[in-house]
Amino acid sequence: MAPHARVRAPELIGKGGWLNTGGTALTLADLRGRIVILDFWTFCCVNCLHVLDELRELEEKHRDTVVIIGVHSPKFVHEADHQAVVDAVERYGVHHPVLDDPELTTWKQYAVRAWPTLVVIDPEGYVVAQHAGEGHAHALAKLVEELEETHGAKGTLRRGDGPYVAPEPVAGDLRFPGKALLLPDGGFLVSDSTRHQLVELAADGETVVRRIGTGERGLVDGPAGTAAFSEPQGLALLPGGTVIVADTVNHALRAFDPATGAVTTVAGTGKQWWQGSPTSGPAREVDLSSPWDVAWFGGRVWIAMAGVHQLWTYAPETGTVQVAAGTTNEGLVDGPAAEAWFAQPSGLAASADGERLWLADSETSALRWIDREGTVRTAVGAGLFDFGHRDGDAAQALLQHPLGVTALPDGSVAVSDTYNHALRRYDPATGEVTTLATDLREPSDAVLAGEDIVVVESARHRLTRLRLPEEAVRVESVAHRTRREATEIAPGALLLDVVFQAPAGQKLDTRYGPSTRLLVSSTPPELLAEGDGKGTDLSRELRLADGVTEGVLHVSAMAASCDNDPENEYPACHVHQQDWGVPVRVVAGGADRLPLVLAGLDA
């Protein structure tokens with residue numbers, strides 16, 4: 001993909017320094033002669049985690065010519081903590097250098113607007129492509145091959161070992177555990193996510209009884225010693241004693257029999273769900289997308305499908321799955337299940353009376369629930385860009401990227417408030433939010449064990465037992481908004497222009513109608529007088545309302561392209577998609593065009 005003009009890549013600068021380089025600070029001059037792919041990511045973002053997985057094959061196949069650099073660009077305050085970035089790099093198996101950029105310096109230099117964004121730099125140091133969102137692995141592979149051929153012929157390609165230096169492995173019984181389950185014998189089953197295993201612990205929460213899984217990333221059924229997982233998370237105990245496992249990076253549900261140790265796959269194909277794929281049917285024939293948690297509710301297994309911002313269900317009796325709530329649009333919208341919007345639902349728990357399914361909606365920093373009639377409501381949370389640690393009335397209380405929920409016997413719910421390092425409590429009877437415990441380290445789940453609550457301290461690699469206090473801990477209130485600077489736009493008409501160039505050797509897939517989709521909304525809704533809603537054109541004129549001076553434009557774009565081979569009746573096709581939340585400020589003299597790059601380079 002050729003750029004409109006040769007643009008020299010800006011230098012890589014980040015106050016947090018470099019990881020996975022053995023302490024060496026890298027410059028673009030050090031990388032001259034190599035094909036460099038910058039991956040702008042943040043560890044809260046499930047789409048960013050998808051891209052990490054998409055890049056693994058490319059990274060391995062072209063390791064002598066390609067250097068992938070992760071540029072960590074935080075959304076939440078916690079993500080600007082250097083140790084949290086160090087933890088995330090290990091947690092998600094990042095095997096390339098990472099620049100910690102807590103002040104978004106390099107993000108701004110490259111005019112990035114969304115997580116994730118990929119930028120390709122050729123061996124001479126020029127930017128040659130930019131891709132926002134996920135689904136670009138095929139296009140990147142083709143581009144890398146072209147650059148290898150071109151620069152190999154020119155003599156400007158330098159082969160050899162890359163700058164990645166693996167950190168020293170750390171011993172311990174658990175490594176970044178995700179979720180936990182109380183077993184009928186009083187012990188615990190824990191998803192040991194980074195080591196791709198389940199670990200059964202004794203009732204003390206420390207003694208290892210057995211491990212399930214080889215510890216190597218894979219999708220293999222069989223006995224405990226030969227089965228394989230890939231970053232498993234959620235666990236749900238079914239009435240018959242079987243445990244359902246959300247095998248997150250395998251995009252699958254697995255069944256574990258505690259009596260025999262056997263693991264089987266019950267839902268998912270191992271492939272990630274994309275727009276246009278089936279949303280119901282035989283469970284082993286339908287793709288899933290990053291299932292993060294599971295819970296037994298209303299006679300079915302409910303699935304927090306973080307990768308597509310939905311809730312799905314799995315019926316063990318019929319062996320089928322289907323969408324239960326959510327549109328795949330990312331945001332916080334209540335109402336009937338089919339119309340509700342979620343944002344990376346990551347924790348589920350059925351209420352003690354069986355009337356509500358509580359959920360931690362992580363990217364909106366929200367506690368929400370769905371009732372048996374299928375209505376979605378929000379208890380705590382304001383949206384994608386507001387978060388913090390504030391107790392009190394639920395209407396103004398704040399959380400920060402919670403990953404777990406635990407139903408308490410009195411009808412209240414404990415929230416693993418992950419990025420606040422706290423355990424919080426919401427009481428529906430009073431509408432109050434309180435803090436139960438602080439100084440936890442990235443709590444991701446909690447389970448009741450008698451009069452105690454056992455918390456999964458993910459970043460301390462342990463289970464921590466707490467006595468539920470009669471009175472909550474008091475903490476100082478703090479509120480935050482996303483740190484990105486607002487884009488200044490002019491009053492009146494604004495041209496929204498989503499840039500998409502089909503990758504080399506591909507064309508837009510128009511065999512069955514329009515191959516593009518654009519969805520636009522705003523916060524507050526009053527920001528837009530015209531132009532919100534759905535359409536198929538990637539360019540749209542918006543009209544800003546008079547009197548509203550700031551807000552966020554929410555843009556979701558999708559484009560499908562296929563291999564341009566007239567001789568092939570069934571060409572390979574690829575879906576490219578991304579959601580943007582663009583903070584804007586309306587000022588005289590501001591821009592009258594807002595370009596968002598889905599794939600290609602903005603003119």
Side-chain angles (χ1 to χ4, degrees), residues 42-46 48-49 72 74-92 115 174-180 190-194 231 233-235 246 248 290 292-293 304 306 342-349 358-368 379-382 384-391 397-406 413-426 433-447 453-464 466 473 475 478-480 482:
T42 189
F43 63 77
C44 73
C45 162
V46 72
C48 300
L49 304 185
H72 189 268
K75 171 186 174 180
F76 290 98
V77 170
H78 171 59
E79 293 173 309
D81 174 8
H82 181 70
Q83 184 57 49
V85 180
V86 172
D87 290 345
V89 167
E90 180 187 352
R91 181 195 299 268
Y92 297 116
W115 299 277
L174 299 174
R175 201 69 190 163
F176 297 105
K179 305 288 185 181
V190 182
S191 55
D192 200 24
S193 301
T194 297
E231 298 181 30
Q233 287 283 342
L235 306 166
T248 304
S290 297
W292 208 277
D293 202 5
F342 301 97
Q344 285 180 220
S346 301
L348 297 174
W358 292 102
L359 65 113
D361 205 29
S362 63
E363 278 294 285
T364 54
S365 297
L367 172 65
R368 307 176 73 184
V380 183
L384 284 164
F385 303 99
D386 293 278
F387 55 92
H389 191 149
R390 180 191 288 156
D391 284 341
L398 293 172
L399 309 169
Q400 186 180 179
H401 198 80
L403 291 179
V405 285
T406 308
V413 58
V415 181
S416 295
D417 193 6
T418 310
Y419 287 3
N420 279 327
H421 309 299
L423 189 68
R424 313 284 293 283
R425 175 177 175 265
Y426 167 69
V433 174
T434 53
T435 298
L436 296 175
T438 58
D439 195 31
L440 302 169
R441 185 68 184 175
E442 292 193 19
S444 54
D445 196 19
V447 292
I453 189 164
V454 177
V455 180
V456 180
E457 278 199 271
S458 188
R460 282 201 178 111
H461 320 293
R462 70 186 189 190
L463 304 188
T464 298
L466 303 172
V473 179
V475 297
V478 60
H480 301 288
T482 299

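Numbers here simply count residues along the sequence, with the first being 1.
- Under the 4.0 Å criterion applied to side-chain N and carboxylate O atoms, Glu457 and Arg462 are assigned as salt-bridge partners.
- In this structure, CG on Leu367 lies 10.0 Å from OG1 on Thr364, to the nearest 0.5 angstrom.
- Checked against side chain to side chain donor-acceptor pair (under 3.5 Å), Ser416 has no partners two or more places apart in sequence or in another chain.
- A distance-only check finds a donor-acceptor pair linking the side chain of Ser444 to the backbone of Gly178 [under 3.5 Å].
- A donor-acceptor pair is defined here as one N or O able to donate and one able to accept, closer than 3.5 Å; no such pair exists between the side chain of His78 and the backbone of Ala84.
- By the side-chain contact (heavy atoms from CB on, under 4.5 Å) test, Leu398 pairs with Arg390, Ala479, sequence neighbours left out.
- Interatomic distance, Ser346 OG to Glu363 CD, rounded to the nearest 0.5 Å: 8.0 Å.
- For Tyr92, there are no ring-ring contact (aromatic ring centres under 6.0 Å, His included) partners, not counting sequence neighbours.
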Exercise. Do His389 and Thr435 pass the side chain to side chain donor-acceptor pair (under 3.5 Å) test, and can you show the C-alpha distance, the side-chain angles, and the key distance before you say yes or no?
Worked result: CA-CA 9 Å; His389 191 149; Thr435 298; 2.9 Å; yes
For this session: Test side chain to side chain contact (heavy atoms under 4.5 Å, CB included) on Val190 and Leu463 and set out the steps.
Result: CA-CA 9 Å; Val190 182; Leu463 304 188; 4.0 Å; yes
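- Considering every non-hydrogen atom in both Arg424 and Leu399, the closest pair reads NH1-CD2, 3.5 Å.
- Taking each heavy atom of His421 and Pro443 in turn, the nearest pair found is CA-CD, 3.7 Å.
- In this structure, the side chain of Asp361 does not engage the main chain of Phe342 through any donor-acceptor pair within 3.5 Å.
- Side-chain atoms of Asp293 come within 3.5 Å of backbone atoms of Leu348 as a donor-acceptor pair (strictly under, hydrogens ignored).
- The distance from the CD atom of Gln400 to the CG atom of Asn420 is 4.5 Å, given to the nearest 0.5 Å.
- Interatomic distance, Arg441 CZ to Asp87 CG, rounded to the nearest 0.5 Å: 5.5 Å.
- Distance alone, capped at 3.5 Å, places no donor-acceptor pair between the Glu79 side chain and the Thr42 backbone.
- We find the CZ-CG distance between Arg460 and Leu174 to be 14.5 Å, quoted to the nearest 0.5 Å.
- In this structure, the separation between CG on Leu423 and CG on Asp439 is 13.0 Å, given to the nearest 0.5 Å.
- A donor-acceptor pair under 3.5 Å is absent between the side-chain atoms of Glu442 and the main chain of Phe176, judged by distance alone.
- The two residues Trp115 and Pro74 come nearest to each other via the heavy atoms CZ2-O, 3.7 Å.
- In this view, His401 and Phe76, Tyr419 satisfy the ring-ring contact (aromatic ring centres under 6.0 Å, His included) rule, not counting sequence neighbours.
- Shown here for Trp358 and Val405, the closest heavy-atom pair between the two residues is O-CG2, 3.7 Å.
- Every side-chain contact (heavy atoms from CB on, under 4.5 Å) that Ser193 has, sequence neighbours left out, goes to Ser191, Gln233.
- For the pair Lys75 and Phe385, the cation-pi test (distance below 6.0 Å, angle within 45°) is passed.
- Of the possible polar contacts, one joining the Thr406 side chain to the Ala446 backbone as a donor-acceptor pair under 3.5 Å is found.
- Shortest non-hydrogen contact noted between Pro402 and Ala360 is O-CB, 3.7 Å.
- Listed here is the closest heavy atom pair of Val456 and Ala180: CG2-CB, 3.6 Å.
- Contacts of Asp445 classified as side chain to side chain donor-acceptor pair (under 3.5 Å), with partners at least two apart in sequence or in another chain: none.
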